Protein chains: 2
Amino acid sequence: MEYNTETEKKILAAATEVFIQKGKDGARMDEIARKAGLNKALLHYYFRSKERLYSHVFSSEVRCFFHAFLDSIPISENIENFLHGFIGNYIEHLRKNPRIIRFILWEIGHGGQMFVEVVSEVFSESESKTPHSFIKKIEQAVQEKKIRPLDPLHLLLSMIGMSIFVFIAQPLVESIFSGVQVTDSAFIEKRKDEIFQLIWQGVHP
Amino acid sequence: MEYNTETEKKILAAATEVFIQKGKDGARMDEIARKAGLNKALLHYYFRSKERLYSHVFSSEVRCFFHAFLDSIPISENIENFLHGFIGNYIEHLRKNPRIIRFILWEIGHGGQMFVEVVSEVFSESESKTPHSFIKKIEQAVQEKKIRPLDPLHLLLSMIGMSIFVFIAQPLVESIFSGVQVTDSAFIEKRKDEIFQLIWQGVHP
DNA sequence: GTCTATACATCGATAGAC
DNA sequence: GTCTATCGATGTATAGAC
């Protein structure tokens, strides 16, 4: 597509940091330029406007995150392994990429159109791993009586919600339950276990 | 504390609307003044600064929401009724107050210190209904073998995560699963049922 | 208390030299 | 491609009349 010059990379790295920290409105082109060791004029030379720079940064961050997550899901015929792998990998990815959470929350807090567009794009690029394919897998398990009758969409929503919540509410959780460190390995492993146990017993036929 | 004049109410109403729609940075004092049928100078006369006006609006919105939610939780000795009531009331409150979600997401996306402060305050004002009291209730049910051994904190986090997720991800969910309307009564009732069934079977001894 | 007018700062974007 | 300097627009906050 386009050749990534050294300068462009510097701008994107600085912009990513500032946009995540301050949001689109709170971010200042001056600060991005300073952090990149350059000047404002160059940002506009490379990206025309603040809006375009933001779109570029947000899209690539979200795309990268979702692609890596989808790639990490094990393709298993066994429904127990699939559910276990889905939860474990999702939480692991969130733990490793805490900044993407803030980014997405910021965007959703401002309408979230761009987020929806990017995610839809990512899913349309994948054939075997889409929300609909997950639902089909669960549906099949129901038909084969591997799990009890339930609505696959709601199970999927529940799994995602349980997994992502502690990362969204991290500051609140750590403040109210003093001693809890959401990103600690011990807590993360415990969280994976507790979620899977609840789910697996909850879907038992 | 302070007498709420008609003008002050008008300012707060307009500010609430604009802050929720645009966020703290995106909001303009001009727009708030116009929407209130007043002028910028008056906003500063009543609230000194944009920052203070925002704090006032955010705090009162969040306090109101959480107080109403806590009051709605049934005090039941029966653990099944308690879990069922908690989930049902939480979802119901989220459905009725969609704007608070955006507000909180916006704030968390910007660090969330203020959110943490306000919520901690609300809980400290309540005696019988705090996260710790919920955990104790679950702990007791475990000891009485009403439910299987599990970590009460994680169960609480799971219940909240499952309940709130569809509201957080509403635009994404409705876009990916065309036909789904998160705030539709039918979907909401189905969601309550599916969550409770999963939880209740999942915690069975 | 409420208004108009304006000070003062800041930001995004651009012009123009090198 | 990269810089300095600056424009034009907009925003918060205030001064001062009524």
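This one's a predicted model, so the numbers in the text were calculated from it and none came from an experiment. Chain letters run A, B, ... following the sequence lines, proteins first, then strands; residues in each count from 1.
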Atom pairs and distances, side-chain donor-acceptor, residues 33-40 of chain B, under 3.5 Å, sequence neighbours left out:
| unit_1 | atom_1 | unit_2 | atom_2 | d |
| --- | --- | --- | --- | --- |
| B:Asn39 | OD1 | B:Ala41 | N | 3.2 |
| B:Asn39 | OD1 | B:Leu42 | N | 3.3 |

Next on the checklist: My understanding is that only residues two or more places apart in sequence, or in another chain, count here; which of them pass salt bridge (charged side-chain N to carboxylate O under 4.0 Å, His left out) with A:Lys9?
Outcome noted: none
Next on the checklist: Counting only side-chain nitrogens and oxygens, does B:Arg28 get under 4.0 Å of the OP1 or OP2 atom of D:dT10?
Outcome noted: no
Could you go through residues 129-139 of chain B and list every donor-acceptor pair under 3.5 Å that involves a side-chain atom there, pairing it with any protein atom two or more places apart or in another chain?
| unit_1 | atom_1 | unit_2 | atom_2 | d |
| --- | --- | --- | --- | --- |
| B:Lys129 | NZ | B:Leu70 | O | 2.9 |
| B:Lys129 | NZ | B:Ile73 | O | 2.7 |
| B:Thr130 | OG1 | B:His132 | N | 3.4 |
| B:Thr130 | OG1 | B:Ser133 | N | 3.1 |
| B:His132 | NE2 | A:Ile176 | O | 3.3 |
| B:Ser133 | OG | B:Ser128 | O | 2.9 |
| B:Ser133 | OG | B:Thr130 | N | 3.0 |
| B:Ser133 | OG | B:Thr130 | O | 2.8 |
| B:Lys137 | NZ | B:Ser76 | O | 3.3 |

Could you give the side-chain donor-acceptor pairs of residues 60-68 of chain B under 3.5 Å, partners two or more places apart or in another chain?
| unit_1 | atom_1 | unit_2 | atom_2 | d |
| --- | --- | --- | --- | --- |
| B:Ser60 | OG | B:Val57 | O | 3.4 |
| B:Glu61 | OE1 | B:Arg99 | NE | 3.3 |
| B:Glu61 | OE1 | B:Arg99 | NH2 | 3.3 |
| B:Glu61 | OE2 | B:Arg99 | NH2 | 2.8 |
| B:Arg63 | NH1 | B:Glu121 | OE2 | 2.9 |
| B:Arg63 | NH2 | B:Glu125 | OE1 | 3.0 |
| B:Arg63 | NH2 | B:Glu125 | OE2 | 2.7 |
| B:His67 | ND1 | B:Arg63 | O | 3.4 |
| B:His67 | NE2 | B:Glu125 | OE1 | 3.4 |

Checklist entry - Can you list every side-chain hydrogen bond (donor to acceptor under 3.5 Å, both in side chains) pair that touches residues 79-88 of chain A, not counting sequence neighbours? => result none
Item to check | salt bridge (charged side-chain N to carboxylate O under 4.0 Å, His left out) partners for B:Glu77, two or more places apart | outcome: none
Checklist entry - In residues 30-44 of chain A, which residues come under 4.0 Å of DNA chain C by heavy atom? => result A:Lys40, A:Ala41, A:His44
Item to check | Sugar-phosphate only, base, or nothing, as touched by A:Tyr46 at under 4.0 Å among non-hydrogen atoms | outcome: sugar-phosphate
Next on the checklist: Show every salt bridge (Lys or Arg N to Asp or Glu O under 4.0 Å) that has at least one partner inside residues 65-75 of chain B, sequence neighbours left out.
Outcome noted: none
Item to check | Heavy-atom contact window of chain B on DNA chain C, given 5' to 3' at under 4.0 Å | outcome: C:dG1 to C:dT4
Checklist entry - Which residues satisfy the salt bridge (charged side-chain N to carboxylate O under 4.0 Å, His left out) test with A:Lys192, sequence neighbours excluded? => result A:Glu92, A:Glu189
Next on the checklist: Output the rounded distance in Å from CZ (B:Phe47) to P (D:dA13).
Outcome noted: 13 Å
Checklist entry - Does B:Phe19 have its ring centroid less than 6.0 Å away from the ring centroid of B:His56? => result no
Checklist entry - Of all of residues 18-25 of chain B, which get a heavy atom below 4.0 angstrom from DNA chain D, listed by number? => result none
Please set out all donor-acceptor pairs under 3.5 angstrom arising from side-chain atoms of residues 103-119 of chain B, sequence neighbours excluded.
| unit_1 | atom_1 | unit_2 | atom_2 | d |
| --- | --- | --- | --- | --- |
| B:Trp106 | NE1 | A:His110 | NE2 | 2.3 |
| B:Glu107 | OE1 | B:Tyr54 | OH | 2.5 |
| B:His110 | NE2 | A:Trp106 | NE1 | 2.4 |

